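Scroll down for the structure; my scribbles are underneath it.
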Protein chains: 2
Amino acid sequence: MMSAQFKTSKPIYSQIADKIVQQFVRGELIPGEKLPSVREMAIQAGVNPNTIQRTYGELERLGVVETKRGQGTFMTEEIDMKRKLRSDIQREIIALFIENMRSIGLEDREIHESVQSFLNGGESGHD
Amino acid sequence: MMSAQFKTSKPIYSQIADKIVQQFVRGELIPGEKLPSVREMAIQAGVNPNTIQRTYGELERLGVVETKRGQGTFMTEEIDMKRKLRSDIQREIIALFIENMRSIGLEDREIHESVQSFLNGGESGHD
DNA sequence: ATTAGTGTACTATTGAAATAGTACACTAAT
DNA sequence: ATTAGTGTACTATTTCAATAGTACACTAAT
């Protein structure tokens, strides 16, 4: 399905991890759901199995997935994880955005207007 | 002045280029101004001269600086460059922001509210 | 016990960024 | 002509993400 285009600026294993977290937060992956095996996911993403191994390892470290040896890798059943992730990520995104806008010398009022203008202007298009 | 902390996710030469562009857009660097030599800038940034060489090369490719062999590297005198850069970068920042927010399933209305909330919330800055 | 599917742990290689060091070419000032 | 300061062009080495391939350990089903 997704041969995926990766950005050069960030490790692929991390980009894949981001994508899984996004799907979880959006509800496209549900708590307890089994993820594709390391080998299968590697095929789907068009990368080496070792890359997925690192992705899953990173996600487990974050508490997003739980691995059961011999059975597979599953989305966590932690009831609050989804909300926590959504909240944390949202905060990160906004902080980065504001930082970037201020870095080019924009005032808060201009930042506010820019967002409004963009959303109304309809330069949409996403994945 | 800036021993600088670099992020691991992006090439250092590119991060330094970004910083120079930001300073130019903010008016801290003016058209025609001479930049530190490759060697001097390397010392200031705490990196290898080759890294700065790549930074200047990239900036020249973008038309942000002009190099005069034997004299140094100077900010471009192109009258519209500052405005163009500011505009382009601003568009990039906003597009990335919107894309990120939508990736975690937020509606445009929620995006708008988040920005408002963040700016009013008072995490540094004012106005 | 065997098998298939899984996670895990290795070793080795490739490619890009960064580092390190050297050398050359141009400009301005003397 | 010489010197200092500059951009530029090399070669070599290191580090890390990614790739490639192999082997082992655990689980469930048969």
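All values below were derived from every heavy atom in this structure, side-chain atoms included, with hydrogens, water molecules and symmetry-related copies excluded. Not measured: the values here are computed from a predicted model. Below, chain A is the first sequence line, B the second, and so on; all start at residue 1.
- Protein atom CG of A:N48 is 16 Å distant from nucleotide atom P of C:dT13, rounded to whole Å.
- Partner of B:D80 under the side chain to side chain donor-acceptor pair (under 3.5 Å) criterion, chosen from B:K82, B:K84, B:R83: B:R83.
- For B:Q53, there are no side-chain hydrogen bond (donor to acceptor under 3.5 Å, both in side chains) partners at least two apart in sequence or on another chain.
- Taken together, the paired segments of DNA chain C that extend over three or more consecutive Watson-Crick or G-U pairs, each closer than 3.5 Å at both contacts, are C:1-30 with D:1-30.
- Between A:K34 atom NZ and C:dG5 atom P there is a gap of 11 Å when expressed in whole angstrom units.
- The closest side-chain donor-acceptor pair between A:Q90 and B:S114 falls under 3.5 angstrom.
- The shortest side-chain heavy-atom distance between B:T76 and B:V65 does not fall under the 4.5 Å cut-off.
- Counting only distance, with no hydrogens or angles, the side chain of B:E33 and the backbone of B:I30 share a donor-acceptor pair below 3.5 Å.
- Atoms CD (B:E40) and P (D:dG7) sit 11 Å apart, rounded to a whole Å.
- Using a 4.0 Å cut-off between a side-chain N of Lys or Arg and a carboxylate O of Asp or Glu, A:E107 and A:R109 do not qualify as a salt bridge.
- Under the rule for a side chain to side chain contact (heavy atoms under 4.5 Å, CB included), the partners of A:Q116 that lie at least two apart in sequence or sit in another chain are A:H112, A:N120, B:H112.
- If you take CG of B:L35 and P of D:dG5, they are 19 Å apart, rounded to a whole angstrom.
- Using a 4.0 Å cut-off on heavy atoms, the residues of residues 57-70 of chain A that approach DNA chain C are A:T67, A:R69, A:G70, listed by number.
- Under the rule for a side-chain hydrogen bond (donor to acceptor under 3.5 Å, both in side chains), B:K34 has no partner lying at least two apart in sequence or in another chain.
- Rounded to whole Å, the distance from CZ on B:R39 to P on D:dA4 is 14 Å.
- Remark: side-chain polar atoms of B:T51 are not paired, donor with acceptor, to backbone N or O of B:Y13 under 3.5 angstrom.
- Between B:M41 atom CE and D:dT6 atom C1' the separation is 15 Å, expressed in whole Å.
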Nucleotides 10-17 of chain D: which of its N/O atoms have a protein N/O under 3.5 Å away?
none

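- Taking atom CD of residue A:Q71 and atom C1' of nucleotide C:dA4, one finds them 14 Å apart after rounding to whole Å.
- A sub-4.0 Å separation between OP1 or OP2 of C:dT19 and a side-chain N or O of B:T51 is present.
- Checked by atom type and distance alone, the side chain of B:R39 never pairs as donor or acceptor with a backbone atom of B:P49 at under 3.5 Å.
- Under a 3.5 Å cut-off, the side chain of A:E66 and the backbone N or O of A:M75 do not form any donor-acceptor pair.
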